[in-house]
Structures are given as structure tokens and as C-alpha cells.
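Some notes on the structure that comes next.
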Amino acid sequence: MPELPEVETVRLGLVDRVVGRAITDLRVGVFSGVVGPLGVDATRARVIRHRIDGIRRRGKYLFFELADETFVMVHLRMTGVLQITSRSAPPLRFEHLAMELDDGSDLRFADQRKFGRVLHLMPKEFVVLDTAIGPEPLGSDFTPDLLASRLVGRTAKLKSTLLDQRRVAGLGNIYVDEALFRAGLHPERPAGSLTSTETAHLRFEIQAVLREGLLHRGTSFSTFSDAYGGSGSNQDNLRVYGRGRRGDPCVRCGNPLALLIVGGRSTHYCPRCQALDPQSGVRQRGEND
DNA sequence: TGTTATGTTGCCAT
DNA sequence: TATGGCAACATAAC
């Protein structure tokens with residue numbers, strides 16, 4: 001569930017409650033794999049007694065900066081949840097880990113599908129990961145030229161390329177489908193085939209859908225919730241995601257939306273507004289509306 | 001009751 | 001290196 005807007009919503013909800021607090025203990029449940037190969041005891045030894053100086057987000061990754069310049073990385077993957085609770089609150093459903101903070105609160109991690117991770121990283125490990133992740137799409141440097149440079153020469157499908165976190169950070173299945181619809185681009189276009197006009201349009205719509213998602217505190221279907229267990233409302237603003245299967249009418253042209261599998265992912269789009277061949281006789285988006 | 005789908009990513013084969 | 005397929009897991013919905 002969590003893509004960039006959801007992860008940022010979680011971060012914003014945590015900052016005031018967590019920054020400046022020290023970690024006094026680490027509790028891990030039966031699924032010890034949540035802390036990765038380092039293991040529970042070593043992870044605990046590395047985090048306790050350290051103060052949290054800040055929370056950074058890169059793409060869909062969260063990094064809690066500890067006072068010794070190491071990091072606790074959290075990735076929610078599909079169904080992860082991070083929440084602030086009181087120490088005495090009952091366990092969350094699927095709770096795997098809790099960081100006990102020095103003000104009597106807990107920072108808890110839960111994950112139904114056990115894909116998510118909470119890993120302690122040394123400074124060097126942080127740099128390696130940070131460097132491998134592509135540019136932030138909401139950063140001021142995410143210009144049309146920068147996006148073009150990430151797509152040029154690629155023969156892979158546009159959607160698959162946008163989902164590759166090394167090319168651009170933070171996009172997932174929902175926001176990619178929404179951005180491609182708004183930009184009028186077919187998800188299976190070769191990524192390197194876009195004109196500079198199409199690339200500029202795509203950059204604009206990527207930023208638009210992410211900002212809208214952020215404004216609505218994320219898209220909540222079954223499992224996404226913020227740091228306090230609250231839901232976002234962006235699901236009410238989606239134009240194509242989840243609608244292809246039902247063949248709902250396109251909000252732009254009225255023709256039925258369709259479902260396609262691209263790179264193994266369900267892909268919702270409008271075959272008319274997002275033609276694979278731009279010469280198919282359909283007026284292109286942006287010409288007159 | 002069985003089958004299928006799910007917002008992510010890493011590993012493996014080509 | 002670039003690309004594509006699939007597994008990791010638990011549950012909900014059909």
C-alpha cells in the first residue's frame with residue numbers, strides 16, 4: 001500500500017512524537033526476521049540508549065537518524081504499519097516489533113504479510129542504499145530533463161521503468177497508473193520512446209498525483225493507516241486505479257477503462273486516452289482541454 | 001471450499 | 001547490464 005505519499009504521511013505523523021526521544025529498549029515478537037540478518041540481540045545492542053535526531057524519507061524508505069550517526073531503516077513493503085502507542089496499549093494486529101521510547105511511548109511496527117523490515121544500518125550502509133535510490137520526484141531538481149535522463153535509452157515498458165526505484169523514487173502501482181492516465185501515456189510504451197513534450201507532461205502529472213495523495217494523507221484501501229491508525233482519503237480521488245477490472249467509464253472520454261498486466265502488475269488504463277500508437281486518430285490529451 | 005488478487009522488492013534466469 | 005518472471009506471506013473476496 002504505502003507509496004511515497006503514504007510513507008511521507010507516516011513520517012509527518014511521527015516526527016513530533018519521536019524526534020528527541022531516546023530508545024530505551026527493543027522488543028521483537030516471534031517473527032525475528034523483521035530485523036534482518038543482524039538478528040535481534042545485535043540490533044537491540046546497536047539501538048538502545050541512542051537518541052533519535054530526525055526522520056528522513058527517501059522514496060518509500062524511512063530512516064530514523066540516531067545520535068551516533070547510524071540509522072534505523074523501516075520499509076513497509078505491502079502491508080507494514082508504523083504507529084505510536086502508549087507502552088501499555090494492547091499489541092497491534094500482526095505486531096512484530098516495538099521500540100520503547102524514553103517518554104513512555106512505543107514506536108511499533110506491524111505487518112500482516114511479513115515483507116516489511118526494520119533494519120539497523122551503519123553510516124556506510126545508509127550511503128550505499130541512499131545512492132542506489134533514484135531521484136525524489138517532488139524534489140526541486142526533478143526537472144523534465146532529469147526525468148528524461150532516467151528514461152533515455154530504455155527499451156523496457158514505461159510503467160515498469162517508473163516502478164523501478166533506482167530510476168525514480170517512491171512511485172508504486174497506484175500512483176504510476178494515475179500519472180500515466182493523466183499524461184495520456186500507454187503503460188507499455190518503451191520508456192525511451194517519449195518525446196520531450198511527453199516527458200515534460202509526465203513529470204508534471206507525477207508531481208500532481210503525488211501532491212494530491214499527500215494532501216489527502218494517502219490512499220487507504222484495506223490496510224494503510226498513519227502513525228495514529230488514521231486513514232487517508234485519496235482513494236476517493238483516483239481516476240483509474242481499481243476501475244479497469246470493472247470497466248468503469250473513463251472520466252475523460254466515457255469509454256470503458258481496461259485492465260492489463262504489465263510486469264506482473266495489474267494495470268488500469270483507458271485504451272482510448274492512452275493509446276499505444278499516438279497516430280491512432282484519437283485527439284491527444286492537452287490539445288484542447 | 002478452492003482460486004485469485006493485493007499497495008513491494010529481491011533473486012534468479014536469460 | 002537490461003529485462004522479465006516469480007516468490008516471499010497472510011488474508012479477503014469471489
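Below, chain A is the first sequence line, B the second, and so on; all start at residue 1.
Among the protein residues, A:Arg265 comes within range of the nucleic acid bases, having at least one heavy atom under 4.0 Å from a base atom. Backbone-only engagement by A:Tyr61 is indicated by non-hydrogen atom pairs under 4.0 Å involving sugar-phosphate atoms exclusively. Heavy atoms of A:Gly264 sit nowhere under 4.0 angstrom from any nucleic acid atom. No contact: A:Arg117 has no heavy atom under 4.0 Å from any strand.
OP1 or OP2 of B:dG7 has at least one side-chain nitrogen or oxygen of A:Tyr241 nearer than 4.0 Å. When the side-chain nitrogen and oxygen atoms of A:Arg154 are compared with OP1 and OP2 of C:dA2, one or more of them lie within a distance under 4.0 Å. Remark: A:Thr219 is not in phosphate contact with B:dG7, judged by side-chain N or O atoms under 4.0 Å from OP1 or OP2. At the phosphate of B:dT6, OP1 or OP2 sits under 4.0 Å from a side-chain N or O atom of A:Arg245. Between A:Gln165 and B:dT9 there is a side-chain polar atom (N or O) within less than 4.0 angstrom of OP1 or OP2. Contact between the side-chain N/O atoms of A:Lys114 and the OP1/OP2 oxygens of C:dA10 is found at a separation under 4.0 Å.
Spacing between atom CZ of A:Arg243 and atom C1' of B:dT6 amounts to 18 Å, rounded to whole angstrom units. One can place CG of A:Leu151 at 14 Å from P of C:dA2, the figure rounded to the nearest angstrom. Whole-Å rounding puts the A:Asn234 CG to B:dG7 P distance at 15 Å. In this structure, A:Arg77 places its CZ atom 11 Å from C1' of B:dC11, rounding to the nearest Å. Rounded to an integer number of Å, the gap from CG of A:Leu129 to C1' of B:dT9 is 12 Å. Atom CD of A:Glu3 is separated from atom C1' of B:dT8 by 9 Å (rounded to the nearest Å). Rounded to whole Å, atom P of C:dG4 lies 13 Å from atom CZ of A:Arg167. Separating the CG atom of A:Asp164 from the C1' atom of B:dT9 is a distance of 10 Å, rounded to the nearest angstrom.
Taken to the nearest 0.5 Å, the CG atom of A:Leu97 stands 11.0 Å off from the OG atom of A:Ser32. One distance of note links OG1 of A:Thr199 with CG of A:Leu147; it measures 6.0 Å at 0.5 Å rounding.
Side-chain rings of A:Phe71 and A:Tyr61 stay apart, their centers remaining 6.0 Å or farther from each other.
To the nearest whole angstrom, the two P atoms, one in C:dA7 and one in B:dT3, are 16 Å apart. Taking atom P in both C:dC9 and B:dC12, one finds a spacing of 15 Å when rounded to whole Å. Using atom P as the reference point in both B:dG7 and C:dT3, the two lie 23 Å apart (nearest Å). Only the P atoms considered, C:dG5 is 15 Å distant from B:dA5, to the nearest whole Å.
In this structure, A:Arg56 does not pair ionically with A:Asp130, as no charged nitrogen and carboxylate oxygen lie closer than 4.0 Å. A salt bridge links A:Arg51 to A:Asp53: one of the charged nitrogens lies within less than 4.0 Å of a carboxylate oxygen.
For A:Lys60, the listed nucleotide lying nearest its side chain is B:dT9; candidates were B:dT9, C:dC9, B:dG7. Nearest to the side chain of A:Ser266, among B:dT8, B:dT6, C:dA10, sits B:dT6. In this structure, of B:dG7, B:dT8, C:dT3, it is C:dT3 that holds the atom nearest to the side chain of A:Ala156. The nucleotide whose nearest atom lies closest to any side-chain atom of A:His75 is, among B:dT6, B:dT8, C:dT11, B:dT8.
A donor-acceptor contact under 3.5 angstrom links the side-chain atoms of A:Arg113 to the base of B:dT6.
At least one side-chain heavy atom of A:Met122 sits less than 4.5 Å from a side-chain heavy atom of A:His120.
Remark: C:dT1 base-pairs with no nucleotide; criterion is Watson-Crick or G-U wobble with both hydrogen-bond distances under 3.5 Å. Look at B:dT4: its Watson-Crick or wobble partner, with both distances under 3.5 angstrom, is C:dA12.
Judged by distance alone, with hydrogens and angles left aside, the side-chain atoms of A:Gln165 form a donor-acceptor pair with the main-chain N or O of A:Leu171 at under 3.5 Å.
By the 5.5 Å and 30° criteria, A:Phe115 is stacked with the base of C:dA8.
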